[in-house]
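Worksheet for the structure shown next.
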Amino acid sequence: MTGFNRIVILTGAGLSAESGLSTFRDKDGIWARYRIEDVATPEAFARNPTLVQDFYNARRKGARDVAPNAAHAALARLESDHPGNVLTVTQNIDPLHERAGSKNLIHMHGEILRALCAHCGGRTPWEDDLTADLDCGRCGRTGGMRPDVVWFGEMPYQMETIYAALADCDLFVSIGTSGNVYPAAGFVAEANAAGAHTVELNLEPSEGISHFAEAIHGKATEIVPAYVDRLLKG
């Protein structure tokens, strides 16, 4: 395998599924059981904050004690041992990349173990339940404490940094993502435009499979460590 110096990795829910966290868009995923409009939009929070908080409190409980799997560990090892630059951009709101040891990491959809004040924009680590009657520790106002996650209709975080990395990368790897949620689904096109080699590692072919130069399908805990071994061996 030709050596790469500037690697961008995109990860989605399929990476964390083998750690026991539910995916969103599979037939038995979270969005098969909840309406997005009821729990994952700013309008839903304004209309029924208690319902939204309960939904994310359940997600937070699920993320508190879960452990990273072999795929997370492999990506942390790639970042640590690769002589070039490795940036991981995750759509996941769980803390598994950090727990595995990844440091050069962007949570483009936010983090479930952080809270955001809708009034002042203040952010803080948060592992307990959020409720509609909480006061913000920064501005003191009540009723605005929400999970620090990007809802539908909101702009994902650090997009300028992500697009700059895609424009400069020579390898783009998409792992465990459905390929139908934008803007992340468009990252492969950005990488192709930059002349990068593009690879999909997924349980099954994504909706965007035709845009990738290479694809490997199987369980993330098997194919990701094997692919990382290939990269590190050069």
Does [X] reach the side chain of [Y], with side-chain heavy atoms less than 4.5 Å apart?
| X | Y | answer |
| --- | --- | --- |
| S178 | E207 | no |
| C117 | R138 | no |
| E200 | H211 | no |
| N202 | F212 | no |
| C120 | C136 | yes |
| H82 | V228 | no |
| E111 | D148 | no |

Return yes if some donor-acceptor pair links the side-chain N/O of [X] with the main-chain N/O of [Y] below 3.5 Å, else return no.
| X | Y | answer |
| --- | --- | --- |
| N57 | L130 | yes |
| Q91 | T177 | no |
| N85 | R6 | no |
| T90 | H107 | no |
| R99 | H72 | no |
| N192 | V188 | yes |
| N104 | V86 | yes |
| E190 | Y163 | no |

Do [X] and [Y] share a hydrophobic cluster (ILVMFWY, side-chain heavy atoms under 4.5 Å, transitive)?
| X | Y | result |
| --- | --- | --- |
| L51 | F45 | yes |
| Y56 | L113 | yes |
| I175 | I223 | yes |
| F4 | V173 | yes |
| L96 | I106 | no |

Enter the distance from [X]:[atom1] to [Y]:[atom2] here, rounded to the nearest 0.5 Å.
| X | Y | atom1 | atom2 | result |
| --- | --- | --- | --- | --- |
| L231 | L75 | CG | CG | 10.0 Å |
| E214 | L171 | CD | CG | 8.5 Å |
| M145 | C139 | CE | SG | 8.5 Å |
| T131 | Q53 | OG1 | CD | 7.0 Å |
| M108 | N92 | CE | CG | 11.0 Å |
| K61 | I112 | NZ | CD1 | 12.0 Å |

- Task: Before giving the answer on side-chain contact (heavy atoms from CB on, under 4.5 Å), spell out for D38 and N48 the whole-Å C-alpha distance, their side-chain angles and the decisive distance to 0.1 Å.
- Result: CA-CA 8 Å; D38 292 338; N48 192 341; over 6 Å; no
Search all heavy atoms of [X] against all heavy atoms of [Y] and return the closest pair with its distance.
| X | Y | value |
| --- | --- | --- |
| A184 | L10 | O-CD2, 3.8 Å |
| P147 | R60 | CB-NH2, 3.9 Å |
| A70 | P225 | O-CG, 3.7 Å |
| S19 | P68 | OG-C, 3.7 Å |
| S16 | D94 | OG-OD2, 2.8 Å |
| L21 | G62 | CD2-O, 3.5 Å |

- side-chain contact (heavy atoms from CB on, under 4.5 Å), paired with F172, selected from I9, I7, T198, V89: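 When side-chain contact (heavy atoms from CB on, under 4.5 Å) is applied between F172 and each of I9, I7, T198, V89, only T198 qualifies.
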- Query: Please walk me through it: do F187 and V8 pass side-chain contact (heavy atoms from CB on, under 4.5 Å)?
  - Reply: CA-CA 10 Å; F187 289 175; V8 176; over 6 Å; no
- Item | Within 45° cone and under 6.0 Å: R123 NZ/CZ vs Y157 ring |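 Verdict for Y157: a cation-pi partner in R123.
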- Message: Does R59 qualify as a cation-pi partner of F55, given the criterion of NZ or CZ under 6.0 Å from the six-membered ring centre and within 45 degrees of its axis?
- Response: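 Relative to the ring axis of F55, which defines the angle, R59 lies inside both limits.
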- Check the pair T88 / H97 against side chain to side chain donor-acceptor pair (under 3.5 Å), numbers first and verdict last. CA-CA 9 Å; T88 298; H97 280 298; 5.3 Å; no
- Task: Verify the distance criterion only: is there a donor paired with an acceptor across the side chains of N69 and E18 at less than 3.5 Å?
- Result: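 No donor-acceptor contact under 3.5 Å links the two side chains.
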- Message: Under a 4.0 Å threshold between the charged nitrogen and the carboxylate oxygen, would R146 count as salt-bridged to E154?
- Response: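 Judged by the 4.0 Å cut-off on N to carboxylate O distance, E154 and R146 do form a salt bridge.
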